[in-house]
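Sequence positions, counted from 1, serve as the residue numbers for this chain.
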Amino acid sequence: MKQTLFDLKWKIDDVLNVRGATDRVGRVFAVAMTSIIVLSTVAVVAESDPGLRKSHGPALHAIESATMAVFLIEYVLRLWTCDVRRPDAGPVVGRIRYALRPMMLLDLAVLAPFYLPLS
């Protein structure tokens, strides 16, 4: 059976949003993302300590860069797949509405300073 792009988007949306309590892939994804959030937080806090930054700066920056790349991919995938549940909203308006949700705005607030440095 040939898989369509819509089927792929639907499956990705299911994983991103852990639709079913028995969805093993979704649960693994949720645990992985939680672990990445914790790892990123630890790296950012550690990098704020001058001694740790001096001794482990490149490793901490690499962790921060990798985790931010994962967060960006998740953000883009969420925007790409958001129209499978609400096709009536249209691809542009639906994505704008989805992007303006509080959690998506929070994600953007975390991502923006990393990819758009103000200094």
Side-chain angles (χ1 to χ4, degrees):
M1 184 163 111
K2 186 176 178 182
Q3 183 174 345
T4 66
L5 185 59
F6 184 80
D7 294 333
L8 177 63
K9 286 173 76 171
W10 192 270
K11 287 179 183 179
I12 291 171
D13 183 70
D14 274 346
V15 170
L16 291 173
N17 295 297
V18 194
R19 297 286 180 205
T22 60
D23 181 14
R24 183 180 177 146
V25 175
R27 286 194 323 269
V28 168
F29 175 78
V31 169
M33 288 305 293
T34 301
S35 300
I36 291 170
I37 290 167
V38 170
L39 177 64
S40 175
T41 303
V42 168
V44 168
V45 170
E47 200 171 26
S48 70
D49 179 89
L52 288 173
R53 185 174 47 246
K54 184 176 180 181
S55 62
H56 296 89
L60 294 170
H61 184 72
I63 290 169
E64 184 181 4
S65 297
T67 57
M68 291 309 255
V70 170
F71 296 149
L72 179 62
I73 291 167
E74 181 204 16
Y75 184 85
V76 169
L77 284 174
R78 284 184 184 279
L79 278 179
W80 181 60
T81 63
C82 72
D83 63 336
V84 298
R85 303 281 172 182
R86 296 285 315 265
D88 57 313
V92 175
V93 172
R95 283 186 176 83
I96 291 170
R97 285 182 185 160
Y98 188 77
L100 293 175
R101 289 181 173 191
M103 290 306 291
M104 290 297 283
L105 289 172
L106 180 62
D107 288 347
L108 188 59
V110 169
L111 288 168
F114 186 79
Y115 289 104
L116 303 171
L118 299 175
S119 54

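Within the 4.5 Å cutoff, no side-chain heavy atoms of Ile63 are placed close to those of Glu47. The side-chain heavy atoms of Met103 and Leu106, taken from C-beta on, include a pair separated by under 4.5 Å. Contact annotation: the side chain of Ser35 approaches that of Val31 to within less than 4.5 Å [non-hydrogen atoms, C-beta and beyond]. Between Leu108 and Tyr75 the shortest side-chain heavy-atom distance falls below 4.5 Å.
For the pair Tyr98 (side chain) and Thr81 (backbone), a donor-acceptor distance under 3.5 Å is absent. Formation of a donor-acceptor pair under 3.5 Å by the Arg97 side chain with backbone atoms of Val93 is not found in this model. Checking side-chain atoms of Ser40 against main-chain N and O of Ile36 turns up no donor-acceptor pair under 3.5 Å.
Asp49 has no carboxylate O lying under 4.0 Å from a charged side-chain N of Lys54, or vice versa, which leaves the two without a salt bridge.
Contact between Met68 and Leu111 at its shortest, heavy atoms only, is O-CD2, 3.8 Å. Listed here is the closest heavy atom pair of Ala99 and Met104: O-CB, 3.6 Å. Closest approach of Pro113 to Ala109, counting heavy atoms only: CD-O, 2.9 Å.
Distance check, rounded to the nearest 0.5 Å: CZ of Phe114 to CG of Leu72 gives 10.0 Å.
Evaluated for a side-chain contact (heavy atoms from CB on, under 4.5 Å) with Phe29, the options Leu16, Thr34, Ile12 yield exactly one hit, Leu16.
Under a hydrophobic clustering in which Ile, Leu, Val, Met, Phe, Trp and Tyr are joined whenever their side-chain heavy atoms come within less than 4.5 Å, directly or via other members, Leu105 and Ile96 fall into the same cluster.
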